[in-house]
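See structure below.
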There are 2 protein chains.
Amino acid sequence: MSLGRTPIHIHEAVDRVTKNVSVLDKETVALSDSHGRFIASDLVATMDVPIFTKSAMDGFAIRSEDSKEASGENRVAFTVVEEVPAGRSSDYKLKPFEAFRIMTGAEIPESADTVVMFEQTKETDNGFTIRREFKPDENIALQGEECKEGDVILTAGSLVNPGTVATLATFGISKVDVFKRPVVGILSTGSELLEVEDELERGKIRNSNTPMVAAQLERAGVEYKKYKLEKDEFESLYKKIIEILEESDAVITTGGVSVGDYDLLPDVYKKLGAEVLFNKVAMRPGSVTTVAKFGDKYLFGLSGNPSACYSGFELFVRPVMNLMTGSKRPFAPVINATLAGDFTKPNPFTRFLRAELNFVDGEIEAKPAGFNKSNAVTSIAESNGVVILPGGTRGFKTGDKVKVMMTDVTSGAREFVAES
Amino acid sequence: MSLGRTPIHIHEAVDRVTKNVSVLDKETVALSDSHGRFIASDLVATMDVPIFTKSAMDGFAIRSEDSKEASGENRVAFTVVEEVPAGRSSDYKLKPFEAFRIMTGAEIPESADTVVMFEQTKETDNGFTIRREFKPDENIALQGEECKEGDVILTAGSLVNPGTVATLATFGISKVDVFKRPVVGILSTGSELLEVEDELERGKIRNSNTPMVAAQLERAGVEYKKYKLEKDEFESLYKKIIEILEESDAVITTGGVSVGDYDLLPDVYKKLGAEVLFNKVAMRPGSVTTVAKFGDKYLFGLSGNPSACYSGFELFVRPVMNLMTGSKRPFAPVINATLAGDFTKPNPFTRFLRAELNFVDGEIEAKPAGFNKSNAVTSIAESNGVVILPGGTRGFKTGDKVKVMMTDVTSGAREFVAES
């Protein structure tokens, strides 16, 4: 029995899926709602930062020329003439050996040019003495030293992280232009599936893929809607897919993409006239994972096998979602790690294994889940990454060097290289 | 002028803050709201997984003994007597050389003990032939092979990630016991601060720390409330802190912890009778960062300097928040990286620098932000991690090995080791 499908390499599959993704429209959100979104257009500084030259320390602002003769043997004395707290400044013109008592963040008065920290002084009745020369601009943050008016401060496609929020606040940007988030419809197929609340029946299992994919979408910052199939047969499925396509930017189905008698999705793609990007990937598990495009919309046909469904999502769905929202870093970072467990099976194709990543002395130890089948459920629940075993390899042993996908990183990587 | 504070090492500071954190109460949430929360009690399997022995492939279920004589020269023929789709089973008793046509996930009928994949057969008029022997249990997932009834499947303190959600769904757990999330009050002090919407005035800057900390809390899955100080003087501040303490599990203030004339928080801690865990850390920036406890509640006195505020949050606030919600992995992972830029300043104390982390061939390249002061704002906005330069070191050069805190990882590490 021939399956009539040609497997392609995982890199080729990722390339096909992530090329020509249309970025969604822009929308404007409040600064307080912008965290986790992607900036929709370059932002240009409307002022210098700092906007004025200010003290970087609590201390005294003086004229540097007055400190020239100061040394351990010849302490130079200053008289404090005025206080300058943060939020204020002073137009008083310092005379020789006069000083402002100044706080961190306060504007440096024009007549001063350097700051002596409290810790660098000895107190006197009406001021302080110092024991060394201070050059101009010590302990001072100069106007424009962090950025100048007209500088590009954020480029389109930047993730709004906490640092970005601070930058936007500094420039008084209370409304932020970001790309819209995709809306995704999830549909699990398979007549063996019960809902989470259902009592078990003979031959049936509860649907765990829909809630898992929903959580994966939530982690990726994507809105979703769950759909149910009334009847597991072709017409029903076809109509449901049309309905979801009308309401979403992408459809995720789980199950129904293999070669079984009830795997109806290949025919649905055909009837839709969707462009099938691939229907067989040289990977385990999930070789039958299928991705098709219908106009700008994506149809992700993930495997019904929970592990294949999980890694198929991380490999294909997540980068596309990130690209739709304008991200420049759509991929999970892939980092070197050391295997903390044997894996004796040969890997004719690239293999993806969920794993618990631990961080020891700056290195990553990856303990693949489900090796020891007796605790597969627990270990999968505790997994925080995915081990990649390259295709064309025999078994792997504890201590072997491998690569892992860090699926729990909110900011991603620019490229995806599973194997070299 | 003596500051009367003794700096402690960053490891000692983190230890003091993260020891004896009281975990918050439990609450019950819907499975669909449980992602990102922490499981409040061990969960025990109420059934075997798989709950029945099932086919792992699309193909034919046969009696393995019938395949004994099969070879390339001697193909053995089988007659298909019944179909078993997923969700069903069959009580039919196979006779010799009979087979069920069976789909992935379908229960294996009792009279069969192995599965031949479609790809391993050649079709005939009423069935198929095979060319090799099949041992019992090939292409079969055995009842209980992933976990047995009574096994502990999730331990208290586990993060609910997408894999966990799938596990909970499998066991029909639609309501999940999790730990409550902390509620935190944020208050920025400093009379130089304007709101984001405000027009700039001489000597004043917009408050960027409150929105930044709010985004950091959001990233850590913590609820927050922003507070405003009516008047930047002691009584006002004291009353406001009391008010926040009554409504929150922790108070985050920014600014006001240094030795300036308007740094009022040290006196507030004293009047409250709060236990100051430390008020000086041997680190740059943010050496004046102060953490105090008032009963089980925390008072985080972060620096008003935005970079110090950011790293102080990641070092102290985030692990405490995670511990309050029951996490067993409260810390940001610390990973080896290569510096992609020179840093010529000496580091008498441990230094924390925001940085852009890039992932190249499985290694991390860390490009510290704000080195080149002219683009400090942009580079901080693009940062996705923090470089740690150990105390007692001179400058660092491009290519030097350093450690980085991965602040964008949603699942954390069990330990925090900034330097060895």
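Here is the naming used below: chain letters follow the sequence lines, and residue numbers restart at 1 for every chain. Just the heavy atoms: all of them, side chains too, but no hydrogens, waters or symmetry mates, feed the values below.
Residue B:Ile335 holds its CD1 atom at 5.0 Å from CD1 of A:Ile335, rounded to the nearest 0.5 Å. Atom OG of A:Ser191 sits about 6.5 Å away from atom CZ of B:Arg88, to the nearest 0.5 Å. Put simply, CG on B:Asp263 and CE on A:Met103 are 8.0 Å apart, with the number rounded to the nearest 0.5 Å. Here CG of A:Leu159 is found 7.0 Å from CG of B:Asp408. Values are rounded to the nearest 0.5 Å. To the nearest 0.5 Å, the span separating CG on B:Asn336 from CZ on A:Phe359 amounts to 12.0 Å.
Heavy atoms closer than 4.5 Å to chain A are found in the side chain of B:Lys54, but not in its backbone. Looking at A:Lys401, neither its backbone nor its side chain comes within 4.5 Å of chain B, counting heavy atoms on both sides. Within the 4.5 angstrom heavy-atom criterion, no atom of A:Asp232 approaches chain B. Contact annotation for B:Ser90: only backbone heavy atoms (N, CA, C, O) come within less than 4.5 Å of a heavy atom of chain A. At a 4.5 Å heavy-atom cutoff, A:Met57 makes no contact with chain B through either its backbone or its side chain. Contacts between B:Met117 and chain A at a heavy-atom distance below 4.5 Å are absent for every atom of the residue. Interface remark: B:Ile173 contributes backbone atoms only to the contact with chain A (heavy atom separation under 4.5 Å). In this structure, the portion of B:Asp58 lying under 4.5 Å from any heavy atom of chain A is its side chain and not its backbone. Of the atoms belonging to B:Leu357, it is backbone heavy atoms, and not side-chain ones, that fall under 4.5 Å from chain A. For a residue to count as touching a neighbouring chain, one of its non-hydrogen atoms must lie under 4.5 Å from one of that chain's; by this rule B:Pro85 touches chain A with backbone and side chain alike. Using a 4.5 Å cut-off between heavy atoms, B:Glu83 touches chain A through its side chain atoms alone. Contacts of A:Ile51 with chain B are made by side-chain atoms alone, with heavy-atom separations under 4.5 Å and no backbone atom involved. For B:Val152, the part lying near chain A is the backbone, with the side chain staying farther off; criterion is any non-hydrogen pair under 4.5 Å. Proximity to chain A involves both the backbone and the side chain of B:Ala413, based on heavy atoms less than 4.5 angstrom apart. Interface remark: B:Val417 contributes no atoms to any contact with chain A (heavy atom separation under 4.5 Å). Neither the backbone nor the side chain of B:Asn209 comes within less than 4.5 Å of any heavy atom of chain A. Looking at B:Ile153, the atoms closer than 4.5 Å to chain A (heavy atoms on both sides) sit in the backbone and in the side chain alike. Of the two parts of B:Thr155, the backbone and the side chain both hold a non-hydrogen atom closer than 4.5 Å to a non-hydrogen atom of chain A.
For B:Lys226 against A:Ser32, the heavy-atom pair with the smallest separation is NZ-CB, 4.3 Å. Nearest heavy atoms, B:Ser89 versus A:Arg202: OG-NH2, 3.3 Å. Residue B:Thr164 comes nearest to A:Ala381 through the heavy atom pair OG1-O, 3.0 Å, listed as atom of the first residue, atom of the second, then distance. In terms of heavy-atom proximity, B:Gln216 sits nearest to A:Pro162 at CG-CB, 3.4 Å. A pairwise comparison of heavy atoms in B:Ala86 and A:Glu192 identifies CB-OE1, 3.4 Å as the closest pair. The two atoms that bring B:Ser208 and A:Thr170 nearest to each other are CB-OG1, 3.5 Å, heavy atoms only.
With chain B as partner, the option from A:Tyr262, A:Phe313, A:Phe128 having the largest number of non-hydrogen pairs under 4.5 angstrom is A:Tyr262. The residue among B:Gly172, B:Gly412, B:Gly304, B:Ser34 with the most heavy atom pairs within less than 4.5 Å of chain A is B:Gly172. Ranking A:Thr407, A:Asp261, A:Ile102 against chain B, the residue ahead of the rest is A:Asp261, based on heavy-atom pairs under 4.5 Å. Of the listed residues (A:Ala215, A:Pro50, A:Gly59, A:Gly105), the greatest number of heavy-atom pairs within a distance under 4.5 Å of chain B belongs to A:Ala215. Between chain A and the residues B:Lys175, B:Glu363, B:Glu201, B:Glu195, the largest count of heavy-atom pairs under 4.5 Å involves B:Glu363. Each of B:Pro306, B:Gly385, B:Pro211 has some count of heavy-atom pairs under 4.5 Å with chain A, and the biggest count is that of B:Pro211. For the set A:Glu199, A:Arg354, A:Arg329, A:Met47, the entry with the most heavy-atom pairs within less than 4.5 Å of chain B is A:Arg329. Between chain B and the residues A:Ser174, A:Ala166, A:Gly190, A:Gly87, the largest count of heavy-atom pairs under 4.5 Å involves A:Gly87. Interface remark: of the candidates A:Val360, A:Val213, A:Thr167, A:Thr167 forms the most heavy-atom pairs closer than 4.5 Å to chain B.
Between the side chain of B:Asn161 and the backbone N or O of A:Ser383, at least one donor-acceptor pair lies under 3.5 Å.
With respect to B:Lys403 and A:Asp361, no salt bridge is recorded, no charged nitrogen being found less than 4.0 Å from a carboxylate O. A salt bridge between A:Arg414 and B:Glu356 is present, with a side-chain N of the basic residue lying under 4.0 Å from a carboxylate O of the acidic one.
Side-chain contact between A:Glu107 and B:Lys204 is absent, with no heavy-atom pair separated by less than 4.5 Å. Residues B:Val196 and A:Phe171 fail the side-chain proximity criterion, which asks for heavy atoms closer than 4.5 Å.
In this model, no donor atom of one side chain and acceptor atom of the other lie less than 3.5 Å apart for A:Thr410 and B:Arg219.
Counting heavy-atom neighbours within 6.0 Å of B:Glu197 CD, excluding the residue itself, gives a total above 12.
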